[in-house]
Asks: 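Below is the structure I would like to discuss, written out as structure tokens.
Not measured: the values here are computed from a predicted model. Atoms within each ligand, like the ligands themselves, are counted from 1 in listed order.
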Amino acid sequence: LVRLRARLARSQNTLGRGLLTLLSRERLDDETWDEIEDTLLTADVGVGPTQELVGRLRERVRVLGTRTPEELRALLREELLALVGTDLDRAVHTEGGVSESGEERPAVVLVVGVNGTGKTTTTGKLARVLVADGRSVVLGAADTFRAAAADQLQTWGQRVGARTVRGPEGGDPASVAFDAVREGIAEGADVVLVDTAGRLHTKAGLMDELGKVKRVVEKQGPVNEVLLVLDATTGQNGLVQARVFAEVVDVTGIALTKLDGTAKGGIVVAVQRELGVPVKLVGLGEGPDDLAPFDPEAFVDALIG
Ligand code: GDP
């Protein structure tokens, strides 16, 4: 965790430091406020949240009058925390339930998102966290379109100690998802993680595919969590894609990957605002341990260094 924090701080602190330096100027004229706005926009915070934050900062700095560096830092920290949100439910829900016939059933988590965002990697890392926590996990390789996806997931499964249910290449994703959940129930597993296909040629196509996966899985019980994987380096383009997924399935949480590779951490704020769903997990590297729960305080501290 300490290592992850250090990595987060390394990638993100240009944003917060930049803001702090600008706010510390002797005279806060309109030009400086424009620069502050630009700094936020460059970091993908988004237009609405940027204007809100700048408005609040302007007002508070004005009220404060003369300001010490410590005061400014505290003020910025408070406002950034408010923007990121400290009271959202960021838990990944993996508590199973009891079926109508009284049997215990596993929690079902669907992992959705565009190919290349880190869906399979995130599914594998999440399995690792759960298994390390003493939970038994079944993986469903429902991304049957990307040739290597099932192999990649199975490799993760072998590495962490989770069985992988897979189907024929190019087969029906919904049928693999169904089988995975059925296996999970039969084995008395705690959690079934389903890695879905993320082809986004048309919204209708996605709706057919992903909608069907969800409907078919729900025949066996509720879906506890739909995690949308979003690549932090894709900026506005990623947001557009995220919106399409959110229209197709009820996304319950966001896993923001590749935060280690960008200083544009403002996407956390933008995507939460856009989808009305909290960021729950962050990916900070390609390694098996590089997935962390999203912690607003640690994030903001990483921003302002
Ligand atoms: P999928 O097509 O969405 O399933 O994507 P993959 O899981 O295959 O990931 C695509 C690439 O992104 C792989 O090379 C991963 O190792 C890499 N990746 C995934 N998550 C992260 C992350 O948090 N940080 C970095 N730097 N790379 C990541």
Asks: Is there a side-chain hydrogen bond (donor to acceptor under 3.5 Å, both in side chains) between Asp231 and Thr234? Walk through the geometry before answering.
Replies: CA-CA 6 Å; Asp231 176 343; Thr234 56; 4.8 Å; no
Asks: Among Lys258, Glu286, Lys119, which one puts a heavy atom closest to atom 12 (O) of ligand 1?
Replies: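 Residue with the shortest heavy-atom distance to the ligand atom: Lys258.
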Asks: Could you establish whether Asp260 and ligand 1 come within less than 4.0 Å of each other, counting only heavy atoms on the residue side?
Replies: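 Flag set, Asp260 near ligand 1.
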Asks: Between Asp143 and ligand 1, find which residue part has any heavy-atom pair under 4.0 Å and reply side chain, backbone, both or neither.
Replies: neither
Asks: Okay, side chain of Asp38, backbone of Leu40: is any donor-acceptor separation there less than 3.5 Å?
Replies: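 Not confirmed, Asp38 side chain does not pair with Leu40 backbone.
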Asks: Measure from the side-chain N and O atoms of Arg90 to the backbone N and O of Asp295, and report whether any donor-acceptor pair falls under 3.5 Å.
Replies: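 No, the answer is negative, given that no donor and acceptor are paired below the 3.5 Å cut-off.
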Asks: Tell me which one of Leu239, Leu228, Asp44 satisfies side-chain contact (heavy atoms from CB on, under 4.5 Å) with Val271.
Replies: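 The option that passes is Leu239.
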Asks: Does Gly113 come within less than 4.0 Å of ligand 1, judged by its heavy atoms?
Replies: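 Judged by the 4.0 Å heavy-atom criterion, Gly113 does not count as contacting ligand 1.
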Asks: Using heavy atoms and a threshold below 4.0 Å, how should the contact between Val114 and ligand 1 be classified: side chain, backbone, both, or neither?
Replies: backbone
Asks: As an exercise, identify every atom of ligand 1 less than 4.0 angstrom from a heavy atom of Leu284.
Replies: 23 (O)
Asks: Considering Gly285, Gly118, Ala197, Ala255 one by one, which has a heavy atom nearer to atom 22 (C) of ligand 1 than any of the others?
Replies: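 Comparing heavy atoms across Gly285, Gly118, Ala197, Ala255, the nearest one to atom 22 (C) of ligand 1 lies in Gly285.
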Asks: Among all protein non-hydrogen atoms, which one is nearest to atom 7 (O) of ligand 1, and what is the separation to 0.1 Å?
Replies: Thr121 OG1, 2.5 Å
Asks: Can you see whether Asp195 engages Thr120 through a side-chain donor-acceptor pair at a distance of less than 3.5 angstrom?
Replies: yes
Asks: Report yes or no: does a heavy atom of Ala149 sit under 4.0 Å from some atom of ligand 1?
Replies: no
Asks: Closest non-hydrogen protein atom to atom 8 (O) of ligand 1, residue and atom name please, with distance?
Replies: Gln152 NE2, 3.0 Å
Asks: If you have a sec, work out which protein heavy atom is nearest atom 10 (C) of ligand 1 and how many Å separate them, to one decimal?
Replies: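 Result: Gly116 O, 3.8 Å.
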Asks: What distance do Leu53 atom CG and Arg58 atom CZ have between them, rounded to the nearest 0.5 Å?
Replies: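 One gets 12.5 Å once the value is rounded to the nearest 0.5 Å.
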Asks: Short list, please: which atoms of ligand 1 are under 4.0 Å from a heavy atom of Gly283?
Replies: 23 (O)
Asks: For Arg146, is the CZ atom crowded, meaning more than 12 foreign heavy atoms sit under 6.0 Å from it?
Replies: yes
Asks: What atoms of ligand 1 come closer than 4.0 angstrom to any heavy atom of Thr120?
Replies: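 Near Thr120, the atoms of ligand 1 are 1 (P), 4 (O), 7 (O).
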Asks: Roughly how far, to the nearest 0.5 Å, is CD of Glu31 from CG of Leu22?
Replies: 11.5 Å
Asks: Just do the salt bridge (Lys or Arg N to Asp or Glu O under 4.0 Å) check on Arg166 and Asp179 with the steps written out, would you?
Replies: CA-CA 8 Å; Arg166 51 189 296 180; Asp179 288 348; over 6 Å; no
Asks: Test of understanding: given a 4.0 Å heavy-atom threshold, classify the contact between Arg7 and ligand 1 as side chain, backbone, both, or neither.
Replies: neither
